[in-house]
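All values derive from a computational prediction rather than experimental measurement.
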Amino acid sequence: MSAEWLHRKGPRQAAYALLLLLSQAGHAAWGAPTDTVVHQTPSIFNPHSGPAQMIDHLSLFVMQITGAIFVVVAGLFVYVVVRYRQRDPNDDSEPPQIYGSTQIELAWTVIPVLIVVVLFLTTARILFAIQDQKMPDSAVNVDVVGHQFWWEFHYPKYGFTTANELHVPLSTDQNPMTTSLNLLSADVDHSFWVPALFGKIDTMPNQVNHIWFTPDKAGMFVGQCAQFCGVEHAKMLLRVYVQTPEDYAAWVKNQQQPGVQDPAVAEGRQIFESQACASCHVIRGTSATGKFGPDLTHFASRDTLASGAADNTLANLKLWIQDPDYVKPGSLMPAMQLSNTQIDQVAAYLETLK
Amino acid sequence: MADSTLPIGSAIDLTPPGEVYGTWREQLHSWVVTVDHKKLGIMYIAYAVFFLAVGGAEAILLRIQLAVPHNNFLSPEVFNRIFTMHGTTMVFLMGMPLIIGFANYLVPLMIGARDMAFPRLNAFSFWMTALGGLLMYYSFIGGVGLQGAGSAPDITWWAYAPLSERAFSRGHSTDYWALSLIASGFGTIGAAVNIIATTICMRCKGMTLMRMPLLAWLYLVVSGMILVTISPLTAAQIMLTVDRYLGGHFFDSQAGGMPVMWAHFFWIFGHPEVYVLVLPAFAIANEVIPVFSRKAIFGYPAMVAASVGIGFISLSVWAHHMFTVGMTSAQNAFFVLSTELVGVPTGIKIFNWIATMWGGKIRFATAMLFCVAFVIQFLFAGLTGIMLSIAPWNWQLHNSYFVIAHFHYVLVGAIVFCFFGGFYYWFPKMTGKLLDERLGKWHFWLFLIGFHVCFDTMHIPGLLGMPRSIYTYEPGRGWDSWNMIVSIGGFIQGIAVIIFVYNMVYSLFKGQDAGPDPWDAWTLEWATSSPPPEYNFASEPVVASRRPLWDLKHPEDPDSRYEE
């Protein structure tokens with residue numbers, strides 16, 4: 001909501017105020033209170049990778065054709081509505097009755113068929129180019145697994161698993177780098193969508209789908225799950241970090257290390273390993289080997305927690321451990337029933353896992 | 001107006017409508033046990049209007065929640081139930097009863113018959129549909145689940161597996177969804193059988209198939225489609241129930257089942273279903289536009305061919321809802337082509353409507369205003385549909401607010417607009433009273449403005465990456481202002497619908513008397529009194545052309561001389 005809304009006057013302002021009033025009817029905000037707002041509009045017309053650009057160009061071509069059709073047909077229609085309206089309300093005479101015209105009807109059958117042929121051939125070319133592209137051997141392979149309500153990223157060549165924030169290398173003309181994703185689901189249907197980088201692809205259980213992209217701009221791109229998957233579908237967010245080759249290599253090297261062993265937070269680690277945390281989460285180098293929840297080996301290297309539902313800060317983390325439903329109501333992580341001291345210690349431990 | 005000395009004129013019963021209403025109990029009883037197509041038609045329509053209000057209220061709740069990001073008006077659990085119920089209600093409890101209601105009322109009258117072919121099946125179909133609605137809404141109190149007191153289905157109206165399986169959807173809310181739709185599905189199939197038998201077998205003397213009103217033709221095509229399309233849905237719901245309770249694994253991902261098969265079954269139903277909903281809108285336009293342009297429909301044979309063509313081709317396009325599930329490129333390409341092809345006969349219809357109005361003398365009664373808006377809105381919706389058929393582009397647009405904007409453009413902008421037009425056109429026939437034109441104009445303009453504010457705007461967040469089925473969205477993604485505008489448009493439409501309902505109630509009691517033929521129209525329903533007597537026509541009409549009343553009113557220049 002931008003500030004200018006608050007300064008407009010009139011019925012819009014009143015409607016806005018009414019809606020705002022109704023919207024504050026609850027007592028707590030969904031989502032933790034200390035979040036920064038990431039300003040990024042994931043427009044499909046702002047492509048930053050090969051497939052997204054091909055789709056963008058195709059869409060512009062199609063819009064030109066459909067735009068022309070609309071202008072012509074709607075224009076004709078508006079003309080007819082204005083020109084042939086009954087001028088004299090007392091005029092009861094009937095206009096000439098025309099029942100049809102073979103030539104005109106043939107023309108407006110043939111022309112649309114030709115348009116269909118053009119559209120189909122153009123579309124098929126792009127469709128095959130994207131979907132049937134051969135992956136180069138140098139491609140970065142990631143296995144993406146959709147869970148309720150988070151994303152698992154497994155890098156088979158490097159041997160580590162991370163969650164929710166996908167890191168990929170930048171692709172330039174001098175140094176093209178393809179990222180190749182295999183997509184699976186651990187439970188229900190999800191859909192993997194980062195509009196700036198590629199068109200979405202569903203993750204269906206018992207099926208492996210594939211997608212690829214060549215990101216041409218370093219930075220962070222936002223997306224989210226695009227197939228209703230349950231209560232917290234709306235908060236199954238997604239970030240893709242496109243990094244220069246050097247940054248990417250450094251990130252990979254870090255991720256390959258086992259979890260940081262800082263003696264200062266040993267109590268926290270002890271709690272993590274002995275409580276139920278270990279039965280759902282993996283922290284490599286500890287006895288926590290649970291596979292149900294995200295891999296937390298490098299949890300502190302991530303910008304968000306709960307798949308983007310909240311910023312990764314100490315305060316949010318404590319809230320999350322104490323009562324996940326407060327941050328992401330309906331998420332499958334249970335409230336851990338730890339004492340406040342235990343929560344402080346575990347949170348401090350997790351925040352050392354860079 | 002019809003003359004009682006002419007052959008068809010004697011079809012009119014000129015005795016004044018009998019004031020032979022009984023007691024309240026007798027009247028109510030007569031409605032409950034009726035097998036008369038007109039009463040059943042009105043009951044279907046009243047049922048649909050009731051659920052239009054319920055579904056509309058659900059939509060308003062959704063729009064309040066989505067007006068601002070991170071809103072807390074509705075919890076995620078409640079939001080998910082409300083949007084599931086909104087979609088399910090509008091398609092199955094509003095859309096289907098509405099189209100069947102109009103068919104029931106109009107088809108026998110327009111073909112000069114006394115009733116439908118199977119009056120008792122007709123009544124059975126209505127009550128099965130009503131049962132479906134009752135079961136669906138009973139879920140709010142009966143669907144005991146683990147999420148709290150009462151739970152309606154919350155799995156979206158297309159209920160993808162395996163989310164709908166027992167493992168992920170506990171309690172009975174999904175079962176209410178499946179079973180209530182199986183029940184109302186029987187009602188729909190019964191109505192379709194009836195319409196086919198009636199149009200094929202019960203046309204009056206002289207009315208060949210190529211002289212049948214286009215409305216009857218479209219309903220014949222629709223009924224054929226219903227027979228083909230409801231079966232996969234019913235089958236899928238039975239399979240789902242077998243999975244949930246009898247140890248089946250059709251869609252069960254944890255036992256080797258194929259969740260994508262649910263998607264195929266559902267969309268083999270789901271796509272023809274939306275054509276089932278929209279073809280009756282075309283039917284109304286085919287009747288209203290010629291009468292208010294004072295010209296015969298342009299290209300009647302082509303319109304018949306296009307309608308049948310749409311019926312057939314629409315059975316082959318379903319996987320354009322599934323471009324993102326991971327089909328092969330060849331499979332995707334097939335559905336691109338079939339979807340684009342269905343645009344050809346649809347476009348032909350639009351051109352025919354424009355050509356009908358060309359050279360006419362257009363009168364802008366409220367009924368015509370709605371149909372005029374329909375033509376442009378349907379053109380726009382068809383073009384966004386073409387955009388969605390472009391599979392690579394679909395990979396961006398699928399499951400976003402662009403899709404929601406597109407299908408509401410068809411469902412509301414085409415179907416609801418046409419049916420409002422149909423209400424203003426045939427309400428006088430059904431009740432004997434004209435709907436108030438002043439209130440009608442208020443209804444039209446408010447609804448038009450609200451519709452465009454809401455649904456034109458809604459395309460934008462979709463293009464900016466906003467997915468559907470989300471109870472809230474992130475601030476900072478550029479979606480905020482657009483969502484607020486969409487919500488405001490929703491409210492405006494709600495006000496317009498309230499005016500419409502008020503108009504109906506007011507006009508029922510205080511409306512101007514309509515007489516048998518207030519619009520100077522040409523099809524057989526206007527050759528009997530308003531409302532018609534129970535037996536419709538005193539004697540069976542005999543027709544010689546597509547516009548029997550035109551022939552009567554213009555004996556010097558009858559259609560029968562020009563039609564081939």
Sort out for me which of [options] touches chain B most, counting heavy-atom pairs under 4.5 Å.
options                                  : result
Asp88(A), Thr109(A), Val78(A)            : Thr109(A)
Asp92(A), Ile111(A), Val194(A), Val80(A) : Val80(A)
Met54(A), Arg87(A), His210(A), Gln227(A) : Gln227(A)
Tyr84(A), Phe128(A), Phe77(A)            : Tyr84(A)
Val81(A), Ile126(A), Thr123(A)           : Thr123(A)

For [X], is it the side chain, the backbone, both, or neither that has a heavy atom closer than 4.5 Å to a heavy atom of chain A?
X         : result
Met466(B) : backbone
Thr328(B) : backbone
Ser164(B) : neither
Asp557(B) : neither
Phe334(B) : neither
Met327(B) : backbone

Using non-hydrogen atoms only, which part of [X] is less than 4.5 Å away from chain B: side chain, backbone, both, or neither?
X         : result
Val37(A)  : side chain
Leu58(A)  : side chain
Ser93(A)  : both
Asn209(A) : side chain
Ile130(A) : side chain
Phe198(A) : backbone
Asp189(A) : both
Asp91(A)  : both
Leu237(A) : side chain
Thr102(A) : neither

| Distance in Å, Phe149(A) CZ paired with Asp187(A) CG, rounded so as to fall on 0.5 Å steps |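 It is 8.0 Å, given to the nearest 0.5 Å.
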| Shortest non-hydrogen contact from Lys349(B) to Ala306(B)? |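 For Lys349(B) versus Ala306(B), the nearest heavy atoms are CG-CB, 4.2 Å.
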| field | Nearest heavy atoms of Trp108(A) and Ala355(B), plus distance in Å | value |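 Nearest heavy atoms, Trp108(A) then Ala355(B): CH2-CB, 3.8 Å.
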Taking atom types as modelled and ignoring hydrogens, do the side chains of [X] and [Y] form a donor-acceptor contact shorter than 3.5 angstrom?
X         : Y         : answer
Tyr473(B) : Asp480(B) : no
Ser191(A) : Asp202(A) : yes
Trp550(B) : Gln97(A)  : no
Trp262(B) : Tyr160(B) : no
Tyr300(B) : Asn352(B) : no

| message | Strictly distance-based, threshold 3.5 Å: is any side-chain N or O of Asn394(B) a donor or acceptor partner for the main-chain N or O of Ile390(B)? | response |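 Checking the backbone N and O of Ile390(B) against the side chain of Asn394(B), no donor-acceptor pair under 3.5 Å is found.
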| said: Under a 3.5 Å distance rule, please check whether Thr66(A) uses its side chain to pair with a backbone N or O of Leu383(B) as donor and acceptor. | reply: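 No, the answer is negative, given that no donor and acceptor are paired below the 3.5 Å cut-off.
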| task | Scan Phe168(B), Phe79(B), Tyr471(B), Phe83(B) and name whichever one has a ring-ring contact (aromatic ring centres under 6.0 Å, His included) with Phe228(A). | result |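 When ring-ring contact (aromatic ring centres under 6.0 Å, His included) is applied between Phe228(A) and each of Phe168(B), Phe79(B), Tyr471(B), Phe83(B), only Phe83(B) qualifies.
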| message | Can you tell whether the side chains of Arg294(B) and Glu94(A) come within less than 4.0 Å, N to carboxylate O? | response |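 Yes.
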| task | Tell me whether the centres of the aromatic rings in Phe213(A) and Phe221(A) are closer together than 6.0 Å. | result |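 Aromatic pair excluded; centres sit 6.0 Å or further apart.
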